[in-house]
Amino acid sequence: MSKRTTPLLVFVGILLVVAFSVNAQEPVTLDVMGFVVPLEEQGTPLDEAYQTFISDFETAHANVDVNALETPPEFDTQLLVDLAAGTAPDVWNQDASTFARLVDGGYLMDLRECLELTPSLNLDRFFPTVLSIWQPEADGPIYALPNDFTPMVIYYNTASFERAGVEPPPADWTWDDLIQLSQELTLDSSGRNRLDPDFDETNVVQWGFRVRKWAFEWLYRVWQNGSDVIAPDGSTVSGYLDSPESIAAITFLRDLVTEYGVSPEPTVYDQLIQQAGFLDRFLLGEFAMFDRGHWELVGLRANANYQEGSFGILSQPASAQEATVFYASGFVVNASLTDAEKQAACDFIAAATDRGYQDTKAITGIAISGNQAAAEAAAQDNPYPEIEEVFVNEVQFGRPPYGARFANWPTVEELLDAMMERILAGGDVETEVAAAVEEINRELSR
């Protein structure tokens, strides 16, 4: 190589490095949905937290302009239209309950690529069981990273327990304990409980538990009894929904209403909440226990009947095993992005799942941070640490919602709701389950 060609090659190399650097800093506009509050919430701490986060991100990533979009009504439906039309956002906050249909449609980027593009991002920041919601197969693609979540737990009214003269159960309580406790908590106008032979059926003033038809509030009872509702591949409910264990779980729920009388029949319940909302009745002590997620804390504390210490939280009772369901959201990335947009999206998600932003989850209290350190810190700093502790302890027993695995789950869920409605109204469990199995399998085969 001559002395004359060497400087030329060096010069060309410098140009290539400069060109690569310029390309790496290519200006990007990132359309992000989920960081804009409704008009009536502008100026709130949450609004300010969103704006601060986006401003800080743009400062740290000078080539990225974040276009924050408001989430439209009926977002799940609109999203499918926009994805098909190529007008969907680049990054958004996805509900796990309708997640599978986006995976099946091939609309989502495998975020394992982000681990290479953004070295600051790591999976150790997440609860393993919560991360598994977004990874349909072990060691397979990860289609979202956790934003927030809640396990389903049991709320209890402290005054109702005091009125009945019973103590809250320990964390390792069982279905039998739930039956016994609910009977003791169901009181008539004279203060007699369900176990008293003189209990007045016509004058119930306090119900021990609430059972409703909605599958999202009871499907984990099937898991607790060691069974499932649907096959792992989503092809059938035969052998699952109608297994002896599932039949026993559904019968257990039915019996709380029809045999033990600790929860009102559907028509009675409907009449009660038409006269006053359920949260009002719960806080007034007319219901002692009910299933719900973390979001219910917000509604309860905003209720006019709320008083300090008026309720507590219980773990789910076990039968064959302990289990609950996660209802969650996670950050996803549109699979159709350019390389520069992918880099910006990965950087954004890395920041959004880190402590800075995730610590703001405590502002609303609607859900628990998907970042384990942020969730545990929020639980310790919360004015009600004993409540948050139960939620965090339940994480080990949580499972993904069926909508995170099966694209057609919403249709199945509607049929399960209808099945349970008939059962709670007095229908024979095995007959109604058999009819539901036939109908659901017909839907699954389409």
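For clarity, every value in this text was computed on a predicted model and none was experimentally measured.
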Set of residues satisfying side chain to side chain contact (heavy atoms under 4.5 Å, CB included) with respect to [X], sequence neighbours excluded:
| X | answer |
| --- | --- |
| Phe397 | Glu322, Glu394 |
| Ala231 | Asp233, Ser235, Thr236, Tyr240 |
| Pro72 | Met33, Phe75, Gln78 |

Should [X] and [Y] count as an ion pair when the cut-off is N to O under 4.0 Å?
| X | Y | result |
| --- | --- | --- |
| Lys213 | Asp417 | no |
| Glu421 | Arg212 | no |
| Arg254 | Glu259 | no |

Which heavy-atom pair separates [X] from [Y] by the least distance, and what is that distance?
| X | Y | value |
| --- | --- | --- |
| Ala328 | Ile133 | CB-CD1, 3.8 Å |
| Pro401 | Tyr327 | CB-CE2, 4.0 Å |
| Pro146 | Gly370 | CB-CA, 4.0 Å |
| Met152 | Thr324 | O-OG1, 2.7 Å |
| Cys346 | Leu117 | SG-CD1, 3.9 Å |
| Gln135 | Pro141 | CG-O, 3.4 Å |

According to ring pair (Phe, Tyr, Trp, His ring centres under 6.0 Å), who are the partners of [X], at least two apart in sequence or on a separate chain?
| X | result |
| --- | --- |
| Trp218 | none |
| Phe391 | His294 |
| Phe161 | Tyr156 |

Does the ring center of [X] lie less than 6.0 Å from the ring center of [Y]?
| X | Y | value |
| --- | --- | --- |
| Phe127 | Trp134 | no |
| Phe209 | Tyr260 | no |
| Phe282 | Phe287 | no |

Please check if the number of heavy atoms outside [X] that lie under 6.0 Å from its [atom1] is greater than 12.
| X | atom1 | value |
| --- | --- | --- |
| Glu386 | CD | yes |
| Glu438 | CD | no |
| Glu430 | CD | no |
| Asp270 | CG | yes |
| Asn382 | CG | yes |
| Glu40 | CD | yes |

Answer yes if the side chains of Gln275 and Gln271 hold a donor-acceptor pair under 3.5 Å, and no otherwise. no
Under 3.5 Å, is there a donor on one side chain and an acceptor on the other for Thr44 and Asp47? no
In sequence, state the C-alpha distance, the side-chain angles, and the governing distance for Asn371 and Thr353, and then conclude on side-chain hydrogen bond (donor to acceptor under 3.5 Å, both in side chains). CA-CA 6 Å; Asn371 181 301; Thr353 58; over 6 Å; no
For [range], which residue pairs qualify under salt bridge (charged side-chain N to carboxylate O under 4.0 Å, His left out), counting only residues two or more places apart or in two chains?
| range | answer |
| --- | --- |
| residues 90-104 | none |
| residues 65-85 | none |
| residues 278-288 | Arg281-Glu286 |
| residues 112-125 | Asp110-Arg112, Glu113-Lys342 |

Residue pairs involving residues 206-262 (criterion disulfide bond (SG atoms under 2.5 Å apart); sequence neighbours excluded): none
Side chains of [X] and [Y]: does their closest heavy-atom pair fall under 4.5 Å?
| X | Y | value |
| --- | --- | --- |
| Thr186 | Asn193 | no |
| Val64 | Phe57 | yes |
| Tyr220 | Arg399 | no |
| Pro89 | Trp92 | yes |
| Leu444 | Ile230 | yes |
| Ile423 | Val257 | no |
| Pro168 | Leu314 | yes |
| Leu300 | Phe311 | yes |

Identify all side-chain donor-acceptor contacts of residues 408-416 below 3.5 Å with residues at least two apart in sequence or on another chain.
none

Which label fits Phe53 and Tyr357: parallel for a plane angle under 30°, tilted from 30 to 60°, or perpendicular past 60°? tilted
Please walk me through it: do Asp31 and Leu69 pass side-chain contact (heavy atoms from CB on, under 4.5 Å)? CA-CA 7 Å; Asp31 292 333; Leu69 305 171; 4.0 Å; yes
When rounded to the nearest 0.5 angstrom, what distance separates CG in Leu102 from CG in Leu79? 5.5 Å
side-chain hydrogen bond (donor to acceptor under 3.5 Å, both in side chains) between Ser243 and Ser246, worked out: CA-CA 5 Å; Ser243 72; Ser246 294; 3.1 Å; yes
Consider ring pair (Phe, Tyr, Trp, His ring centres under 6.0 Å). Of Phe216, Trp223, Phe99, which one does Tyr402 pass it with? Trp223
